[in-house]
Every structure is written in structure tokens, then in C-alpha cells.
Amino acid sequence: MDMSQYLEVFIDESKEHLQTINEQLLELEKNPDDVSIVNEIFRSAHTLKGMSATMGFEDLANLTHQMENVLDAIRNGKIAVTPELLDVIFRAVDDLEAIVVSIAEGGDGKRDVTDVVAQLKQIEKGEAVVAPKKSAPTYEQTYDEFEYTILKQSAEQGFHSYEVKVKLRSDCLLKAARVFMIFEVIEQIGEVIKCVPTVEMLEAEQFDDQFVVTVVTKISEDELQKRIMKVSEVEEVFVQPVDLYRPVAQEQLMEQKQKEEQKTVEQAVEKKQEGQEEKATGKQVSNKTIRVNIERLDVLMNLFEELVIDRGRLEQISRELNNPELHETVEHMSRISGDLQNIILNMRMVPVETVFNRFPRMVRQLARDLGKKINLEIIGAETELDRTVIDEIGDPLVHLLRNAIDHGIETPDVRRAKGKPEEGTVKLKAYHSGNHVFIEIEDDGAGISREKVLRKAISKGIISEQSAANLTDKQVYELIFASGFSTADKVSDISGRGVGLDVVKSTIESLGGSVSIDSAEGVGSVFSIQLPLTLSIISVMLVEIQNEKYAIPLSSIIETAIVKKEDILHAHNQKVIDFRGKVVPLLFLKDIFEVPVIKEEDDFLSVVIVRKGEKMAGLVVDSFIGQQEVVLKSLGNYLTSVFAISGATILGDGQVALIIDCNALIK
């Protein structure tokens with residue numbers, strides 16, 4: 001019987017069951033005597049075992065079967081739940097996830113699981129668990145057939161294999177964060193197939209200041225070196241081609257792949273509501289769903305975007321012809337297409353829990369590694385965001401959470417001395433407000449010291465001593481987002497929150513969002529991220545500059561105003577206006593975008609007041625056309641660095657209007 005037709009369903013359902021097991025294991029750690037939790041884990045493991053056996057994935061079925069035996073012994077009271085026991089089960093789940101990812105990537109699902117199976121058997125017999133000792137991998141070990149095949153096929157397809165030796169600066173504050181950023185850079189242009197020391201050791205910062213990665217990529221040695229050197233706090237990068245026959249550790253490859261898979265596995269797109277409803281009502285409730293590949297939704301979205309453009313064209317023709325019947329038909333079509341737009345956008349919406357689900361495991365492991373007690377509270381995980389935003393937001397959140405845990409929350413003895421409970425709390429909260437989603441990361445840790453931030457900012461030349469005195473607390477906290485802010489010496493103990501935050505800020509702003517900080521020293525900090533619900537269809541104000549049309553996103557606009565020429569003031573060689581008691585600089589868009597002058601200005605200026613965070617600016621245009629919903633299209637690969645333009649749209653009359661990036665203008 002051909003099982004390939006069921007493979008996609010098998011992969012999706014396996015990921016859902018593994019996510020349930022992960023979540024319930026964390027619950028079991030909090031409530032070790034709750035048999036209902038063990039039963040829930042057992043049910044998921046049993047279903048996964050049955051599916052695996054049916055599909056012919058033996059390693060998956062065998063490991064799940066052994067896990068089942070241990071869970072059965074726990075629910076029958078033969079074995080007590082301990083952190084050490086849960087560590088082994090978590091390791092087994094890591095292996096299961098790696099096998100599922102391997103299958104999803106077209107592999108055969110084979111994996112060496114003998115060590116973890118042996119540990120599970122030890123637990124089942126009631127013996128103390130002894131973790132197998134792993135010697136550090138050396139270059140003297142040989143390629144296995146799988147690795148050799150990867151490198152051979154890569155070479156045939158024009159890829160190059162390099163050994164990259166990276167040395168970090170000796171005063172690097174948070175080495176693990178820099179390693180993470182270096183891996184991010186490499187994964188954009190190739191694939192890491194090996195690293196020494198292991199990923200676990202790198203993440204735990206168990207290395208001096210250098211490590212070696214083997215990379216497969218199509219770019220040249222020089223380009224690879226340049227890209228890695230762009231990461232701040234990297235001192236040296238040596239790149240050399242790798243001989244295909246050069247020995248590399250099989251064990252190392254497997255550990256590396258496992259860690260990467262754990263980071264990148266996309267958890268289930270939709271939460272199973274059957275289980276929830278069954279719990280709530282005590283009886284089975286049918287929930288009719290269908291799985292749709294995200295690529296099909298992307299195609300549907302593109303087709304609908306074309307429809308939106310045609311709708312705008314029809315509306316314009318209808319106005320020009322002034323035919324009542326045509327007008328009525330177009331109006332009806334606009335209403336229908338509006339409803340269709342809402343349905344398509346809702347279909348693309350994904351609960352943020354698909355990202356949040358990864359964090360409890362990460363927080364548990366970090367807390368154990370750092371010797372801290374941390375309670376992660378997740379609020380509003382059902383809040384929905386567009387899939388395109390979801391895909392990008394994971395890494396910035398990992399950065400902020402790791403900083404909160406590593407440098408925000410104090411160790412139990414320090415918290416006791418301050419009169420705080422030993423267990424620190426990190427809250428991860430998501431909620432809707434208007435056309436935006438807010439994600440907040442709040443901790444009850446040490447907070448941010450205003451004085452230390454200012455001292456560091458002044459020493460780095462980011463601000464002067466004169467301007468430092470006039471800054472509000474919020475403006476001071478904003479300084480830690482400055483690039484290079486975190487490169488101070490180790491004596492400074494500003495909680496290390498500057499590390500990598502420049503990257504977090506730029507990623508969020510590239511999504512059309514913003515990030516802000518609020519903090520009280522000794523009490524804690526809140527990082528608040530504001531994101532748009534969707535990136536594809538946006539509301540804009542259309543404006544005219546000479547004979548050209550431009551679009552300004554409504555989310556950036558405070559209001560529009562007509563200003564007399566004589567009301568314009570001059571300050572620091574800059575034209576400004578007094579807007580409700582605030583001095584707002586004027587930006588003349590016709591000069592910035594070098595628009596050919598066809599007609600002269602009159603005595604009044606049309607101004608669009610826009611805002612980015614605390615800063616405001618007045619964009620001077622020739623006239624306002626009106627509000628409109630437009631489809632945001634990128635300018636393509638050839639026009640990636642056009643200043644202050646985020647994309648373009650096609651208007652109803654077929655003209656192209658450029659969409660202005662207000663953040664870049666104010667910056």
C-alpha cells in the first residue's frame with residue numbers, strides 16, 4: 001500500500017502530538033502527582049506510536065513505545081516523577097522531533113536512539129539514570145555516509161564547503177547571543193553542517209572566545225568572511241575550503257542537526273479544539289477542519305490583490321461615466337470583495353501560540369543551566385497574527401526572553417536579599433488593539449539603571465553630557481537599542497540588555513512595527529512590541545507631489561493640516577512649525593524625492609503630520625487625494641535600497657504610487 005499520500009497529514013499530526021507532549025511534560029513538572037496529565041501524555045504518545053508503525057518509521061515507533069512503558073509505570077505509581085526522569089523524557093522528545101523533521105525534509109526517519117532508549121529502560125526497571133559520557137568530538141573521526149553524500153552532492157551543484165574559525169572579542173558580554181546571530185547570518189546564505197564545540201556548549205557559553213563551523217554555501221570565501229565580520233563583537237574570521245575527505249564527527253553532526261531542528265520546527269498551525277471542548281463539556285464535539293498548504297493561501301492572496309487593483313479601476317471608471325446601474329453594480333462588487341478580503345486575511349491568521357509554544361522548554365532549560373527559579377506566564381496565546389509576521393517574530397522574542405532570564409531576573413540568593421520571592425516571574429503577553437497586535441515581555445528582575453545607561457552611552461559617544469541631562473527615562477531606555485551600545489567592558493552591569501537589541505529593533509521595524517521599554521530599577525522591566533495585523537493590504541492616505549502620486553500609511557499619520565507660509569519658523573537650519581505647542585520639523589518631499597517641478601507653490605502648504613515613537617515630522621505635499629486601501633508590493637531585487645520607500649501599489653487608473661516609509665524619514 002502506498003503511504004506517501006498520507007505523509008503530509010502524518011507530519012502535521014506528529015508535530016501536534018509532540019507539541020502536546022512538550023506542554024504536558026512542563027505541566028507534569030509543576031504537578032508531579034497529577035495522573036490526568038500523565039494520561040494526556042500517554043494518549044498522545046500512543047497515537048504517535050500507532051501512526052509511526054503504520055507509516056513504517058521503526059525508530060520513531062520503537063522510541064515512542066519505550067516512552068509509553070515509562071509513562072505507564074508512572075501512572076500506575078511504580079515510578080515517581082523527578083526532574084532527572086523528565087530530563088530523559090525531554091531528550092527522547094527531542095529525538096522524536098528530529099526524526100519527524102528528517103521525514104518532513106524527505107529523509108527515511110532513521111536515527112540512532114540507542115542511548116536514550118537504554119536510559120528509558122533503566123528508568124522502567126527503577127534504576128538510577130546514568131547519562132552516557134560523551135567525549136568531545138575530534139577531527140580524527142571520519143565522515144559517515146550521510147555527511148559525505150551531502151558534501152558530494154553540494155559540490156556537484158556548485159556549492160563550496162568551508163571551515164570557518166570565528167574569534168569573538170575578549171570583552172564580549174553575552175557570547176551565546178553573538179553565536180546565535182552568526183548562525184543566523186550563515187543560514188541566510190548556506191547551511192551549517194557541523195560545529196566545534198557543540199551547539200549545546202556554545203549556547204551554555206562553555207568555550208573561550210572562538211569556535212569552528214563547517215559551512216556549505218554558494219558564495220565566495222571573501223563574501224562569507226565579510227558577512228560574519230558585520231556581526232558586532234566579532235574580532236577575527238578565518239575561512240578556508242574544506243577537503244571532502246577531511247574527517248568530521250558523525251556524533252557532532254547529529255547533535256548540530258538536532259539543535260537546529262529544535263529551533264526551526266514550526267509547531268502546529270491550528271490548535272486542536274477537540275481536546276479543549278471535550279475537557280470543557282465532558283463529551284466529544286466534532287470539529288470540522290481542513291489542512292491547506294500555506295503556499296496555496298499565498299497564491300490566493302496574490303490573485304485577490306490583483307482583484308483589489310481592478311476594483312479600484314472599476315470604481316474610478318464608474319465615477320467618470322456616472323452611470324447609475326454601473327455605479328450600483330460596482331458598489332455591490334466592492335462590498336462582496338471587502339468581505340472576501342476579510343475571509344482571506346482571517347485564513348492567513350495564525351495564533352501567536354505557534355511561536356510561544358517553543359518558549360516554556362527554552363525557559364526551563366535556561367533556568368536549570370543558570371541555577372535560577374523562573375515562572376513563565378503566557379497570556380493571550382490565542383491572539384492572531386498574519387503568517388508572514390509570525391515567521392519573522394520568533395527570533396526577536398527569543399532574544400528578549402533570554403535577556404530577561406539571563407540578565408533581568410536575579411539569582412535566588414540575590415532575590416532573597418532584596419526581599420523578593422526566590423522564583424522570578426517572566427510574563428509573555430499578547431493582545432489586539434485596533435489594527436495592531438501588542439506583545440509584551442515583562443520581568444520582575446533588576447530593572448535598568450538610568451545612571452549606568454547614561455554613563456555607558458556618553459562613554460560610547462552616543463550622546464553628549466549636555467543632552468543627557470534633558471532626556472526622559474523612556475528616552476534613556478531607548479539608548480540601549482543603539483548599535484554597538486553593548487560593547488562596554490565587563491565591569492559595567494547594566495543587565496547586558498544591550499546585547500543584540502539593535503538587531504531586535506531593526507527586525508521589528510522592518511515588519512512595520514515598533515518596540516519600546518519601560519523599567520523601574522529593582523522592580524523589573526517591560527519590553528512592548530507593536531506589530532501590524534497584516535503586511536499585504538494596508539490603508540493609506542494618497543497625496544500628490546507635483547504630477548506624481550505617493551501613499552503614506554495611515555498607521556503613521558497623526559493628522560493633516562494646512563499651514564500658511566508665514567507660519568513657518570527656522571531652528572538650527574531647519575524649517576519647523578508650531579504644532580499644538582510642539583516644534584515639528586518640516587520635510588519637503590518634492591526635494592527629498594527630487595520630483596520634477598511643474599507648478600509653483602501657493603501661499604498655503606499641505607502638511608501630513610507623522611509620528612515614529614516619540615518623534616514627529618511634518619511631510620509637505622502639494623495636495624491630499626484621500627484615503628484608500630492598497631496592495632503593498634515590493635520594488636523587487638533591483639530596487640532594494642531606495643531611501644524612504646517601502647514599496648509600491650497600482651492605483652485604479654493604472655498609475656504606480658510609491659509608498660513612503662515614514663520611519664526612515666524621521667530617522
Side-chain angles (χ1 to χ4, degrees), residues 174 352 356 359 363 374-380 383 393 396-410 415 418 420-421 424-434 436-457 462-463 467-483 485-486 492-509 511-532 555-556 558 582 611-616 663 666-667:
L174 194 59
V352 290
F356 287 6
F359 299 142
V363 170
I374 293 171
N375 172 38
L376 176 66
E377 288 182 22
I378 293 179
I379 305 161
T383 307
I393 196 61
L397 289 179
V398 167
H399 240 91
L400 292 175
L401 272 174
R402 287 186 74 99
N403 273 329
I405 294 160
D406 202 356
H407 302 282
I409 302 286
E410 311 94 332
R415 290 180 68 85
K418 289 182 177 178
K420 292 181 176 182
T425 300
V426 176
K427 287 183 185 171
L428 184 58
K429 181 180 175 186
Y431 58 92
H432 278 135
S433 179
H436 290 86
V437 168
F438 288 84
I439 298 176
E440 290 180 357
I441 295 171
E442 181 182 347
D443 67 67
D444 63 350
I448 301 173
S449 162
R450 176 190 169 99
E451 296 309 313
K452 289 175 184 172
V453 171
L454 283 176
R455 272 208 307 275
K456 190 189 259 188
I462 294 169
I463 53 165
S467 55
N470 301 322
L471 294 179
T472 63
D473 285 349
K474 278 240 179 202
Q475 289 169 327
V476 171
Y477 302 146
E478 289 283 323
L479 293 174
I480 71 174
F481 285 123
S483 180
F485 181 83
S486 61
S492 175
D493 58 345
I494 304 178
S495 309
R497 287 180 181 272
V499 175
L501 290 182
D502 52 333
V503 180
V504 171
K505 188 179 174 83
S506 61
T507 303
I508 290 165
E509 286 183 352
L511 293 170
S514 60
V515 57
S516 62
I517 310 171
D518 202 6
S519 181
E521 196 172 353
V523 179
S525 306
V526 182
F527 284 76
S528 181
I529 298 170
Q530 178 181 332
L531 294 162
S555 55
S556 301
I558 302 172
K582 286 189 177 179
R611 175 172 57 197
K612 176 199 173 192
E614 300 291 314
K615 298 176 186 171
M616 292 196 296
N663 288 346
I666 295 175
K667 199 172 178 180

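Note that the structure is a prediction, hence the values are computed from the model and not measured.
- When atom types are taken as modelled, the side chain of K427 and the backbone of E440 share no donor-acceptor pair closer than 3.5 angstrom.
- Across all non-hydrogen atoms, the minimal contact from K615 to I666 is CB-CG2, 3.6 Å.
- Between R450 and E521, the shortest heavy-atom distance links the atoms N-OE1, 4.5 Å.
- Proximity of N403 to L174: side-chain heavy atoms (C-beta onward) are separated by under 4.5 Å at one or more points.
- Remark: S449 OG to R455 CZ distance equals 6.5 Å, nearest 0.5 Å.
- With rounding to the nearest 0.5 angstrom, the CG atom of L428 is 5.5 Å from the CD1 atom of I378.
- Nearest heavy atoms, I517 versus Y477: CD1-O, 3.4 Å.
- Panel note: side chain D443, backbone I409; no donor-acceptor pair is recorded below 3.5 Å.
- Between V398 and F359 the shortest side-chain heavy-atom distance falls below 4.5 Å.
- With hydrogens and angles ignored, the 3.5 Å screen pairs a side-chain donor or acceptor of T383 with a backbone N or O of A430.
- Nearest heavy-atom pair across S519 and S525 is OG-OG, 3.0 Å.
- For S516 (side chain) and I529 (main-chain N/O), no donor-acceptor pair under 3.5 Å exists by modelled atom type.
- I439 CD1 to L397 CG: the interatomic distance, rounded to the nearest 0.5 Å, is 5.0 Å.
- Formation of a donor-acceptor pair under 3.5 Å by the K582 side chain with backbone atoms of M616 is not found in this model.
- A heavy-atom distance below 4.5 Å is not found between the side chains of I393 and V352.
- L400 approaches I441 most closely through the heavy-atom pair CB-CD1, 3.5 Å.
- Remark: D473 CG to D518 CG distance equals 8.5 Å, nearest 0.5 Å.
- In this structure, E478 CD and K474 NZ are separated by 7.5 Å, a value rounded to the nearest 0.5 Å.
- Here the side chains of V426 and V363 are not in contact, with every heavy-atom distance at 4.5 Å or above.
- D444 and E410 make their closest contact through O-OE1, 4.2 Å (heavy atoms, listed as atom of the first residue, atom of the second, distance).
- Checked by atom type and distance alone, the side chain of R415 pairs as donor or acceptor with a backbone atom of P421 at under 3.5 Å.
- In this structure, CZ in F527 is found 10.0 Å from CD1 in I508, a value given to the nearest 0.5 Å.
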